[in-house]
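For clarity, every value in this text was computed on a predicted model and none was experimentally measured. Both ligands and their constituent atoms are indexed starting at 1 by order of listing.
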Amino acid sequence: MILELDCGNSLIKWRVLSKIDGVVASGIAHSDDELLVTLESYESLSLSHGRLVSVRSDLETTGLIERLDSTFGFSCQQAKPVASFLGVKNGYSDYERLGMDRWLALLGGFKLAGNKACVVIDLGTAVTSDFVDQIGQHAGGFICPGIPLMRRELQTHTRRIRYNPELEATNGHPLPGRNTMHAVEGGCVYMLRGFVRTQYDLALELLGADFAVFLTGGDAELVKDVIPTSRVVPDLVFDGLALACPVDS
Ligand SMILES: Nc1ncnc2c1ncn2[C@@H]1O[C@H](COP(=O)(O)OP(=O)(O)OP(=O)(O)O)[C@@H](O)[C@H]1O
Ligand SMILES: CC(C)(CO)[C@@H](O)C(=O)NCCC(=O)O
Ligand SMILES: [K+]
């Protein structure tokens, strides 16, 4: 079985693939410790390979790889930056600086689009967009705060925005807020929706009319109706990870 890890800034998303049954287990962990404890608690998992993408520091990432090796006895492959792969050309002036989660989602998106132009928007802690044209040239993209960061900044830099967001999850398409919590949570959703709309307009200019739009990340559902032709692909980063780190055997 193959362990796949997406180590983001706030969470580690993990899943386990079996050759025969596909995804047999998945979850999120808030720390390396939690991840290892969780994985060890599954008696039915026999992990033989691992692959990982990380936007964390090299020190943190190597630390996790070493702990996985000593606990389970396999060395986890790490997706590393490359200038081009599978027909996609990294558009950053310094390709190593492009977040690996963005690069993998882009590889996954271009393949899913049938090697055609696409826009990939990842709505998580941070929100990112990336554009790739029909010949696989990545044009670059944008990074902006996602809902958790917007919410936290408002609470940190004002005196009277105080509420517990856990009381009510951000909802789909809110009406004007009649209390602070609804005003902020709804406002953040509209910020994302506005961003997604502008990315679509920009894609029309940059890519012409024929492009696919893929949405991924925890908040993709909140914006999907902004672009009716868009597809929500929750595992796009994992799809890209499998392309970048194939496991044979
Ligand atoms: N089960 C869940 N756990 C955590 N966040 C969730 C969950 N379901 C939806 N969300 C939403 O998803 C967003 C986080 O998305 P995602 O997990 O894609 O973040 P991320 O950018 O990958 O984070 P990281 O910085 O860890 O990479 C949050 O705004 C949160 O509201
Ligand atoms: C933008 C994030 C934080 C999104 O997870 C990640 O892709 C990252 O750390 N990127 C490095 C900076 C860049 O992509 O330009
Ligand atoms: K992410």
Would you mind telling me if ligand 1 is within reach of the side chain of I12, the backbone, both or neither, using heavy atoms under 4.0 Å? neither
Parallel, tilted or perpendicular, as decided by the 30° and 60° cut-offs, for the rings of Y92 and H138: parallel
Check ligand 1 against S10 and write out every atom of the ligand that is under 4.0 Å from a heavy-atom position of the residue. 23 (O), 24 (P), 25 (O), 26 (O)
Between Y92 and ligand 2, does any nitrogen or oxygen pair lie at a separation below 3.5 Å? yes
Just jot down the ligand 1 atoms closer than 4.0 angstrom to any heavy atom of P148, in number order. 28 (C), 29 (O)
Check: D101 N/O within less than 3.5 Å of ligand 2 N/O: yes
for atom 12 (C) of ligand 2, nearest protein heavy atom and its distance come out as R97 O, 3.6 Å
How many angstroms lie between CG in L98 and OG in S93, if you round to the nearest 0.5 Å? 10.5 Å
Side chain to side chain, K13 and F238, heavy atoms closer than 4.5 Å: yes
Should F85 and F110 be marked as a ring-ring contact (aromatic ring centres under 6.0 Å, His included) after you check the CA-CA gap, both sets of side-chain angles, and the distance that decides it? CA-CA 11 Å; F85 190 60; F110 191 64; over 10 Å; no
Within 4.0 Å of some non-hydrogen atom of N9, the atoms of ligand 1 are 24 (P), 25 (O), 26 (O), 27 (O)
Kindly confirm or rule out an N or O of G99 lying under 3.5 angstrom from an N or O of ligand 2. yes
Suppose I only count heavy atoms of G217 and a 4.0 Å limit; which atoms of ligand 1 are within that range? 18 (O)
